[in-house]
Amino acid sequence: MNEPRDPSVRLVCAFSAVLLGLIAWYGWANVRSQAPAAPRGGDTVANGPVALESVALEIDAGAGPPVVREIPWRAGMTALDQLKQATQVEVLHGGSSAFLRSIGGLDNQGAAGRNWQFWVNGRFGEASAGATPLAPGDRVLWRFALSE
């Protein structure tokens, strides 16, 4: 192969090779740093591990087996955001004053009947689901039941 005789051409080729090498290394290092985290030992959803970058969702309408899903977590996600991502919901208002009216077409029945209630990591949701932030690995249970 013929090498260029002009030293400036050699310098440009060498600089280009170094630059391409740095770009390739940076891309590989960046992809590697974004690899998913390993699941925590003992965390399960329907007998499987819950990865740290997701949140578990269980919907129990009281008839038949509950629906269990693992939903990808994102920064700023609330319990309501997670539910909306998983199924059809009807919500009155929005944001931190959101009021859930129905899940999958099953409407709240009012004060004397069954209504949708939620728990995060076993703790009853005392604020609106739209104001309840989730962290990776959290577990949310929605249950259609008489008020507690």
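All heavy atoms count here, side chains included; hydrogens, waters and symmetry mates do not.
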Shortest non-hydrogen contact from Ala86 toward Leu57: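 For Ala86 and Leu57, the tightest heavy-atom pair comes out as CB-CD2, 3.2 Å.
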Looking only at heavy atoms, what is the nearest atom pair of Arg143 and Leu141, with distance?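 Closest approach of Arg143 to Leu141: NH2-CD2, 3.2 Å.
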Whether [X] side chain and [Y] backbone form a donor-acceptor pair below 3.5 Å:
| X | Y | result |
| --- | --- | --- |
| Trp116 | Leu106 | yes |
| Gln109 | Arg114 | yes |
| Gln82 | Ala56 | yes |

The test is side chain to side chain contact (heavy atoms under 4.5 Å, CB included); show your working for Phe118 and Thr132 and say whether it passes. CA-CA 10 Å; Phe118 75 101; Thr132 303; 3.6 Å; yes
[atom2] on [Y] to [atom1] on [X], rounded to 0.5 Å:
| X | Y | atom1 | atom2 | value |
| --- | --- | --- | --- | --- |
| Met77 | Ser54 | CE | OG | 9.5 Å |
| Ser102 | Asn108 | OG | CG | 7.5 Å |
| Phe144 | Asp107 | CZ | CG | 8.0 Å |
| Leu134 | Arg139 | CG | CZ | 12.5 Å |
| Gln117 | Trp142 | CD | CH2 | 10.0 Å |

Does anything in residues 118-133 form a salt bridge (charged side-chain N to carboxylate O under 4.0 Å, His left out)? List the pairs, not counting sequence neighbours.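 Qualifying pairs, neighbours excluded: none.
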According to the salt bridge (charged side-chain N to carboxylate O under 4.0 Å, His left out) rule, which pairs have a member within residues 77-88, sequence neighbours left out?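 Pairs touching residues 77-88 that pass the test: Arg74-Asp81.
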List in chain and number order the residues that pass side chain to side chain donor-acceptor pair (under 3.5 Å) with Asn115, two or more places apart in sequence or in another chain; answer none if no residue qualifies.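 For Asn115, no residue satisfies side chain to side chain donor-acceptor pair (under 3.5 Å) once neighbours in sequence are set aside.
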Set of side chain to side chain donor-acceptor pair (under 3.5 Å) partners for Arg101, sequence neighbours left out: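 Applying side chain to side chain donor-acceptor pair (under 3.5 Å) to Arg101 gives Glu90.
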List in chain and number order the residues that pass side-chain contact (heavy atoms from CB on, under 4.5 Å) with Pro72, two or more places apart in sequence or in another chain; answer none if no residue qualifies.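 With sequence neighbours excluded, Pro72 shows a side-chain contact (heavy atoms from CB on, under 4.5 Å) to Gln85, given in chain and number order.
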Partners of Ser128 by side-chain contact (heavy atoms from CB on, under 4.5 Å), sequence neighbours excluded?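 For Ser128, the residues satisfying side-chain contact (heavy atoms from CB on, under 4.5 Å) (neighbours in sequence not counted) are Ala98, Ala131.
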Using the ring of each side chain (for Trp, its six-membered ring), is Phe124 parallel, tilted or perpendicular to Trp119, with breaks at 30° and 60°?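 The arrangement is perpendicular - the two ring planes meet at more than 60°.
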Check whether any side-chain heavy atom of Ile71 sits under 4.5 Å from a side-chain heavy atom of Val140, and report yes or no.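 No; the side chains remain at least 4.5 Å from each other.
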Are Thr87 and Ile59 packed together at the side-chain level, in the sense that at least one heavy-atom pair is separated by less than 4.5 angstrom?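 Heavy-atom side-chain distance check passes, below 4.5 Å.
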